[in-house]
Each structure stands twice: as C-alpha cells, then as structure tokens.
Amino acid sequence: MSLREIVRWPDPSLATPCREVSEISDEIIELAQDMLETMYAAPGRGLAAPQVGVLSRVFVVDTEWKDAAPAPKIFINPEIVARSATQAVQAEGCLSIPGVTVDVARPDSVVMRWTDLDGEPQEEAFSGFAAACVQHELDHLDGIVTLDHLDASDRARVITAYEEQQV
Ligand code: ZN
C-alpha cells in the first residue's frame, strides 16, 4: 500500500464524471487500499477516486474511526436506490478543498447499493452523518463538489476566501 497525492480544487479531476468499474482488477484493489491509507493519513472520513486523480467509480468511507475502531468500507459503482423526503443540513468539509466548510442540505437518510472488493453486491441504509458522507463521496464520482451546492453569491464568496488562503 502507498499514500496517494490528494488533488485540490479546482483540479479538473474533481469536475469530471467517473467511469463505471467493469471488473475488480488488481489495479482497482490496489487503488482502494491506497485510498483507505490516504484517507486515514489525511485524516478524513471519506475519499473518492477522483480525489487521487483516478476517474473510476470508487470511494472509501469510515465514518466511525475517529471515535471507535476502524470500520473501512469500500464502495464500487455505488448508487442511491432510495432517499428520504426529509432533508438535513451538515457542515461538510472536503480533503480537496482544505479549510472550507460548506452547509449542504441533503436527504437525511439514503439506501445505497454497491459492489464490494470481492465483487459481491451490497446494500445498506445510512442516516445522519454517514448519509451526508456517502452522498458527498457519490457526488465526487459525478464531478460535483460541495461548492456546487451553493448559490452563485455564496459560491463566489467561499471561493475568494479559499483562494486567498491558498496563497
Ligand atoms: Zn470531498
């Protein structure tokens, strides 16, 4: 396993829809393992493949590890199959937009279906912080970041602050 470099917004990888994974190749297994190592080292609770410059539909999440034992989850070709009508707002950070936290409203629970590293189908319901986390990572696979949830004036204000801080 090795650490991969996390790209920063506005890297074009973060604005590009990712390809479906057609087979769980050695390359995909290595990618997923590297992404977990990179996520824990960052440290973060979720990381999507385009954040390490790979345009494949893979993300990793561990929403518990800062408070409990590690429980890594690897999602390949994830999709949301059900979402609650009710929404919740979470303050979301992103490893690719360091220093920026954005309030994002999303369904407060979702059911996600995906393929695991053994090629087996998985389905699980997520709520609260975990629901926001998996939706945030799924957004990355569609080329969407937290900033894209803001209206034009908030987006401009946040980007100006971000750019000033990068200098
Ligand atoms: Zn992110």
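All figures in this text were calculated on a predicted structure; none of them were measured in a lab. When reading the values below, keep in mind they use all heavy atoms of this one structure, side chains included, and skip hydrogens, waters and symmetry mates.
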Can you measure from [atom1] ([X]) to [atom2] ([Y]) and round to the nearest 0.5 angstrom?
X: C18; Y: N77; atom1: SG; atom2: CG; answer: 10.5 Å
X: I29; Y: I24; atom1: CD1; atom2: CD1; answer: 7.5 Å
X: L36; Y: K73; atom1: CG; atom2: NZ; answer: 12.0 Å
X: S56; Y: I28; atom1: OG; atom2: CD1; answer: 4.5 Å
X: L95; Y: T38; atom1: CG; atom2: OG1; answer: 10.0 Å
X: D62; Y: I74; atom1: CG; atom2: CD1; answer: 10.5 Å

Check whether [X] reaches the backbone of [Y] with its side chain - one donor and one acceptor, N or O, closer than 3.5 Å.
X: D142; Y: I144; value: no
X: D116; Y: D118; value: yes
X: S96; Y: V7; value: yes
X: R57; Y: L141; value: yes
X: Y162; Y: W9; value: yes
X: Q90; Y: R106; value: no

R83 side chain to Q135 side chain, donor-acceptor N/O pair below 3.5 angstrom: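 Checked: R83/Q135 side chains show no N/O donor-acceptor pair below 3.5 Å.
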
Looking at [X] and [Y], what are the two nearest heavy atoms and their distance?
X: P78; Y: L138; value: O-CD1, 3.6 Å
X: H136; Y: G93; value: CE1-O, 3.3 Å
X: E92; Y: A132; value: OE2-CB, 3.9 Å
X: A42; Y: I6; value: CB-CD1, 4.2 Å
X: V60; Y: A32; value: CG1-O, 4.0 Å
X: P70; Y: P72; value: C-CD, 3.6 Å

Those residues that, when tested against E123, pass side-chain contact (heavy atoms from CB on, under 4.5 Å) (two or more places apart):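 V81, V111, R113.
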
How about [X] and [Y]: do any of their side-chain heavy atoms sit closer than 4.5 Å?
X: S13; Y: L55; result: yes
X: T115; Y: V21; result: no
X: M35; Y: V58; result: yes

Sequence-distant partners of T86, side chain to side chain donor-acceptor pair (under 3.5 Å), two or more places apart: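 Applying side chain to side chain donor-acceptor pair (under 3.5 Å) to T86 gives D108.
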
Same cluster (ILVMFWY, side-chain, under 4.5 Å), V54 and V61: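 As far as the 4.5 Å side-chain criterion goes, V61 and V54 are not connected within one cluster.
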
Single-linkage hydrophobic cluster, 4.5 Å side-chain cutoff, V52 and L117 together: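 Yes; L117 is reachable from V52 via cluster members.
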
Where at least one partner belongs to residues 85-118, residue pairs that pass ring pair (Phe, Tyr, Trp, His ring centres under 6.0 Å), sequence neighbours excluded: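 For residues 85-118, and leaving out neighbouring residues, the ring pair (Phe, Tyr, Trp, His ring centres under 6.0 Å) pairs sorted by first residue read F75-W114.
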
Qualifying ring pair (Phe, Tyr, Trp, His ring centres under 6.0 Å) pairs, either residue in residues 84-113, two or more places apart: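 Matches after skipping sequence neighbours: none remain.
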
Residues clustering with V89 (ILVMFWY side chains joined when closer than 4.5 Å, directly or via others):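 Same cluster as V89: nobody, lone residue.
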
Atom CD of E27 with >12 non-hydrogen neighbours under 6.0 angstrom: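 Not buried by this count: 12 neighbours or fewer within 6.0 Å.
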
Positive for side-chain contact (heavy atoms from CB on, under 4.5 Å) with L47, one of R4, H140, E37, M39: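 Going through the options one by one, the only one that passes is M39.
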
Side-chain donor-acceptor distances from residues 146-158 under 3.5 Å, at least two apart:
residue, atom, partner, partner atom, Å
D148, OD1, R155, NH1, 2.8
D148, OD2, V145, N, 2.8
H149, NE2, D139, OD2, 2.7
D151, OD1, S153, N, 3.4
D151, OD1, S153, OG, 3.3
D151, OD1, D154, N, 3.0
D154, OD1, R157, NH2, 3.3
R155, NH1, L147, O, 3.4

